[in-house]
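We number each residue from 1, following the sequence as shown. Note that these values count all heavy atoms, side chains included, but never hydrogens, waters or copies made by symmetry. A quick note: this is a predicted structure, and the numbers were derived from the prediction, not measured.
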Amino acid sequence: MRIDVIALFPEIILPALQVGILKRTQDAGNLTINVHNLRDFTADRHQTVDDYPYGGGAGMIMKPEPLFTAVRTLSRDSTARVIYLTPQGTPFTQSLAEALSLESHLLLICGRYKGIDERVRMKLVTNEISIGDYVLSGGEIPALVLIDAVGRVLPRALGDYESAQGDSFSQELLDHPHYTRPAEFEGMTVPEALLSGNHEKITEWRHEQSLKRTAEQRPELLEKYQLTEEDIAYLDSQKPER
């Protein structure tokens, strides 16, 4: 996969690409990430990337010319999926990250100021994505969130495919609790099921704990999950506790 990022502040993104999973994935040749400064695609000596909005009002708007030049230059040899990071976009989810991981080329546009000229959205953008219902100073951090979420589900990124598949939201439920040594710490013990060595019992316990945690912390997720009769019975048994 190739990911190109168009940003006004590449220095926000670049350090995070040199550590952890993203670095390993790039070193393995499974992912190529290029971060470009939008000012490099300007044509005037001041490298102007923004201007006042037509109709008046506060704030500045990112100009169309540099963005058109950047997108067309970077996607010249491919059919890139052009993604604009914006609070107005489709909510970013694990399933969307997994879908995007199947693409060969993503081109991310990081907005700034009051946003980008509407003609960029109309002509160039194929997807608008939001990482949450709040406003940040720019699209660099959302772009990094998207890159990390997509990059970690690429083949061999984690070294253990099941590790990614077991994460929260990958199965539409929150992840179950995890424990490691020692078996007892400050009076708190590891659940008996995890110490039993019985894989069927462990799997059942983990599933029930995922259901319980989801019901307690993100109950709206259960509306999309196909509950079995056993799931419903278990959740009903937990109602007094919740």
* Asked: So, the side chain of Thr214 versus the backbone of Pro219: is there a donor-acceptor pair under 3.5 Å, distance only?
  -> no
* Structure fact -> For Ile232 and Leu227 the tightest heavy-atom approach is CG1-CB, 4.0 Å
* Shared ILVMFWY cluster between Tyr134 and Ile12, side chains joined below 4.5 angstrom? -> yes
* Check the pair Leu173, His176 against side chain to side chain contact (heavy atoms under 4.5 Å, CB included), reporting the backbone distance first and the verdict last. => CA-CA 9 Å; Leu173 296 174; His176 56 77; over 6 Å; no
* Is Ile6 reachable from Leu136 through a run of hydrophobic residues whose side-chain heavy atoms are each under 4.5 Å from the next? -> yes
* Has Asp133 got more than 12 heavy atoms of other residues, nucleotides or ligands less than 6.0 Å from its CG? -> no
* Asked: Does Tyr234 belong to the same Ile/Leu/Val/Met/Phe/Trp/Tyr cluster as Trp205, with side-chain heavy atoms less than 4.5 Å apart forming each link?
  -> no
* Determine, for Asp236 against Lys239, whether the closest basic-nitrogen to carboxylate-oxygen distance falls under 4.0 angstrom. => yes
* Would you give the length of the straight line joining atom CD1 of Ile147 to atom CG of Leu106, rounded to the nearest 0.5 angstrom? => 9.0 Å
* Which residues pass the side-chain hydrogen bond (donor to acceptor under 3.5 Å, both in side chains) test with Asn34, sequence neighbours left out? -> Asp4
* Does Ile116 belong to the same Ile/Leu/Val/Met/Phe/Trp/Tyr cluster as Ile61, with side-chain heavy atoms less than 4.5 Å apart forming each link? -> no
* **All salt bridge (charged side-chain N to carboxylate O under 4.0 Å, His left out) counterparts of Lys201, not counting sequence neighbours** => none
* **Neighbour count >12 (heavy atoms, 6.0 Å) for atom CD, Glu229** => no
* Identify, with sequence neighbours excluded, every residue that meets salt bridge (charged side-chain N to carboxylate O under 4.0 Å, His left out) alongside Glu103. => Arg81
Exercise answer: donor-acceptor pairs, residues 46-59 side-chain atoms, under 3.5 Å, sequence neighbours excluded:
{"residue": "Gln47", "atom": "NE2", "partner": "Arg39", "partner atom": "O", "Å": "3.3"}
{"residue": "Thr48", "atom": "OG1", "partner": "Asp44", "partner atom": "OD2", "Å": "2.7"}

* Asked: Run the side chain to side chain contact (heavy atoms under 4.5 Å, CB included) check on Gln26 and Ile33 step by step: do they pass?
  -> CA-CA 8 Å; Gln26 293 175 85; Ile33 306 173; 3.9 Å; yes
* Closest non-hydrogen atom pair, Gly115 against Tyr84 -> CA-OH, 3.7 Å
Atom pairs and distances, side-chain donor-acceptor, residues 187-197, under 3.5 Å, sequence neighbours left out:
{"residue": "Ser196", "atom": "OG", "partner": "Ala193", "partner atom": "O", "Å": "2.7"}
{"residue": "Ser196", "atom": "OG", "partner": "Asn198", "partner atom": "N", "Å": "3.1"}

* Structure fact -> With sequence neighbours left out, the residues meeting side-chain hydrogen bond (donor to acceptor under 3.5 Å, both in side chains) with Glu128 are Arg121
* **Where Thr42 and Pro66 come nearest, the two heavy atoms and their spacing** => CG2-CG, 3.8 Å
* Asked: Do Ile202 and Leu211 sit in the same hydrophobic cluster, where Ile, Leu, Val, Met, Phe, Trp and Tyr count as joined when their side-chain heavy atoms come under 4.5 Å apart?
  -> no
* **Test item: Glu140 side-chain N/O and Phe9 main-chain N/O as donor-acceptor pair under 3.5 Å** => yes
* Between Leu17 and Val35, does a side chain to side chain contact (heavy atoms under 4.5 Å, CB included) hold up when you go through it step by step? -> CA-CA 10 Å; Leu17 305 181; Val35 186; 3.8 Å; yes
* To do: For Glu230, enumerate each residue passing the salt bridge (charged side-chain N to carboxylate O under 4.0 Å, His left out) test, keeping only those at least two apart in sequence or located in another chain.
  => none
* Structure fact -> For Thr73, the side chain to side chain contact (heavy atoms under 4.5 Å, CB included) test, sequence neighbours excluded, returns Phe41, Thr69, Arg76
* Listed partners of Arg119 passing salt bridge (charged side-chain N to carboxylate O under 4.0 Å, His left out), at least two apart -> Asp117
* **Residue list, side-chain hydrogen bond (donor to acceptor under 3.5 Å, both in side chains) with Thr93, at least two apart or on another chain** => Ser95
* Asked: Would Ile129 and Leu96 count as a side chain to side chain contact (heavy atoms under 4.5 Å, CB included) if you check the C-alpha gap in whole Å, the side-chain angles of each, and the deciding distance to 0.1 Å?
  -> CA-CA 10 Å; Ile129 293 178; Leu96 181 51; 3.9 Å; yes
* **Ile13 versus Cys110, closest heavy-atom pair with distance** => CD1-SG, 4.4 Å
* **Results of side-chain hydrogen bond (donor to acceptor under 3.5 Å, both in side chains) for Asp77 - residues two or more places apart only** => none
* If you link ILVMFWY side chains whenever their heavy atoms are less than 4.5 Å apart, which other residues fall into the same cluster as Met122? By chain and number, please. => none
* Asked: Which atom pair, heavy atoms only, marks the closest approach of Leu31 to Gly151?
  -> CD2-CA, 4.3 Å
* To do: Would you confirm whether Gln18, through its side chain, and Lys23, through its main-chain N or O, come within 3.5 Å as a donor-acceptor pair?
  => no
* To do: Assess whether atom CD of Glu200 is packed by more than 12 heavy atoms of other residues, nucleotides or ligands within 6.0 Å.
  => no
* salt bridge (charged side-chain N to carboxylate O under 4.0 Å, His left out) assessment of Glu220 paired with Arg218 -> CA-CA 6 Å; Glu220 75 279 4; Arg218 294 290 302 278; 2.4 Å; yes
* Structure fact -> Between Leu107 and Ala80 the two heavy atoms that sit nearest each other are CB-CB, 4.2 Å
